[in-house]
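Since this is a predicted model, take the numbers as computed values, not measurements. Lettering of chains follows the sequences in order, A, B, ..., and the numbering in each one begins at 1.
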There are 2 protein chains.
Amino acid sequence: MRDMLDQMDLANCPVRHVLDHIAAKWTTLILLELEPGPCRFNALARSLPDISRRMLTQSLRDLERDGLIARKVFATKPPSVEYALTDLGRSLLGPLCALIDWAKASAPEIATARAAFAAQA
Amino acid sequence: MRDMLDQMDLANCPVRHVLDHIAAKWTTLILLELEPGPCRFNALARSLPDISRRMLTQSLRDLERDGLIARKVFATKPPSVEYALTDLGRSLLGPLCALIDWAKASAPEIATARAAFAAQA
DNA sequence: GTGTATAAGTCTCTTTTAGAGACCGCAACG
DNA sequence: CGTTGCGGTCTCTAAAAGAGACTTATACAC
């Protein structure tokens with residue numbers, strides 16, 4: 001299993017790169033937010049109140065850059081911008097949900113561990 | 001799917017908390033490194049050369065705190081410390097590998113998207 | 001007995017990253 | 001004529017990460 005990450009110098013490992021994204025913590029939330037359907041910038045900002053517009057822009061660019069979401073500009077006045085999952089982005093939802101399910105299932109156990117750790121420290 | 005994250009105010013959502021951990025980017029590497037068996041501090045440091053000792057300590061503490069790994073001190077001279085996956089920690093490897101597999105499978109597509117993005121930007 | 005290495009970290013300093021929140025031009029709406 | 005909504009950007013500050021020297025004590029080589 002460890003060798004899942006070998007095969008390339010750790011530095012520019014594609015796997016690591018993906019993990020860094022998941023890691024980005026906001027990107028996963030954005031992907032989940034887009035799952036029901038396309039969404040516009042300010043709508044996303046409203047749905048994710050605790051992400052600053054600055055980070056939202058940045059995260060969206062990252063996701064777009066990697067082809068996980070598509071950005072479409074409509075020539076309305078004022079122009080509106082719609083973000084939507086691509087097929088690639090959608091394909092990530094599966095594994096992501098597996099992780100979320102694990103998190104939900106393990107949350108109590110983690111809470112217990114934390115309490116124990118805090119008590120003894 | 002989005003409602004997987006609702007049910008609690010975004011702030012102290014257990015799921016989000018787990019994602020933040022995966023997010024921590026070093027923690028996943030550590031978990032994978034421990035998969036074959038227990039490992040000691042400096043051995044980990046050697047296996048993960050691009051993580052500073054400072055961050056290694058911190059990440060290990062985080063994982064220990066959440067009950068994903070166990071820290072055992074041996075009263076040798078000098079005392080040595082061994083880190084091992086707990087059952088809980090081991091149970092995370094499944095979903096984590098799903099994600100890694102996705103990453104490996106999608107890497108070429110992501111690379112293509114990146115190239116396209118760079119070209120047009 | 002002196003020098004080096006190991007053990008598991010810690011401490012400090014600098015750089016990077018994230019967050020808060022004001023600001024932009026522009027058009028519709030009241 | 002002032003406000004709101006659009007999709008962001010800009011600046012300034014606060015928090016986090018990285019680099020790398022330092023610690024205490026033991027063991028081994030020379």
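With hydrogens and angles disregarded, no donor-acceptor distance shorter than 3.5 Å links the side chain of A:Ser80 to the backbone of A:Thr76. Not one N or O on the side chain of B:Ser106 forms a donor-acceptor pair closer than 3.5 Å with the backbone of B:Glu109. Looking at B:Ser59, its side chain never comes within 3.5 Å of a backbone N or O of B:Trp26 through a donor-acceptor pair.
A side chain to side chain contact (heavy atoms under 4.5 Å, CB included) with B:Ile51 is found for exactly one of B:Thr57, B:Leu44, B:Leu56, namely B:Leu56.
With rounding to the nearest 0.5 Å, the separation of CG in A:Asp20 from NE2 in A:His17 is 7.0 Å.
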Q. What one-letter contact string describes nucleotides 3-13 of chain D from 5' to 3', where B marks a base within less than 4.0 Å of any protein heavy atom, S marks contact via sugar-phosphate atoms alone, and - marks no contact?
A. ---BBBBBB--

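Computed from coordinates, the B:Asp50 CG to D:dA19 P distance equals 8 Å when rounded to whole Å. Atom-to-atom, CE of A:Met55 to P of C:dT16 comes out at 16 Å; the value is rounded to the nearest Å. One interatomic measurement links the two molecules: NZ of B:Lys72 to P of C:dA7, which rounds to 18 Å at whole-angstrom precision. When the C1' atom of D:dA19 is taken as reference, atom CG of B:Leu56 falls 15 Å away, rounded to whole Å. Counting to the nearest Å, the P atom of D:dA17 and the CH2 atom of B:Trp26 are 11 Å from each other. The distance from atom CG of B:Leu48 to atom P of D:dG18 is 12 Å, rounded to the nearest whole Å. Between the CG atom of A:Asp20 and the C1' atom of C:dT16 there is a distance of 14 Å, given to the nearest Å.
Checked against salt bridge (charged side-chain N to carboxylate O under 4.0 Å, His left out), A:Arg114 has the following partners two or more places apart in sequence or in another chain: B:Asp66.
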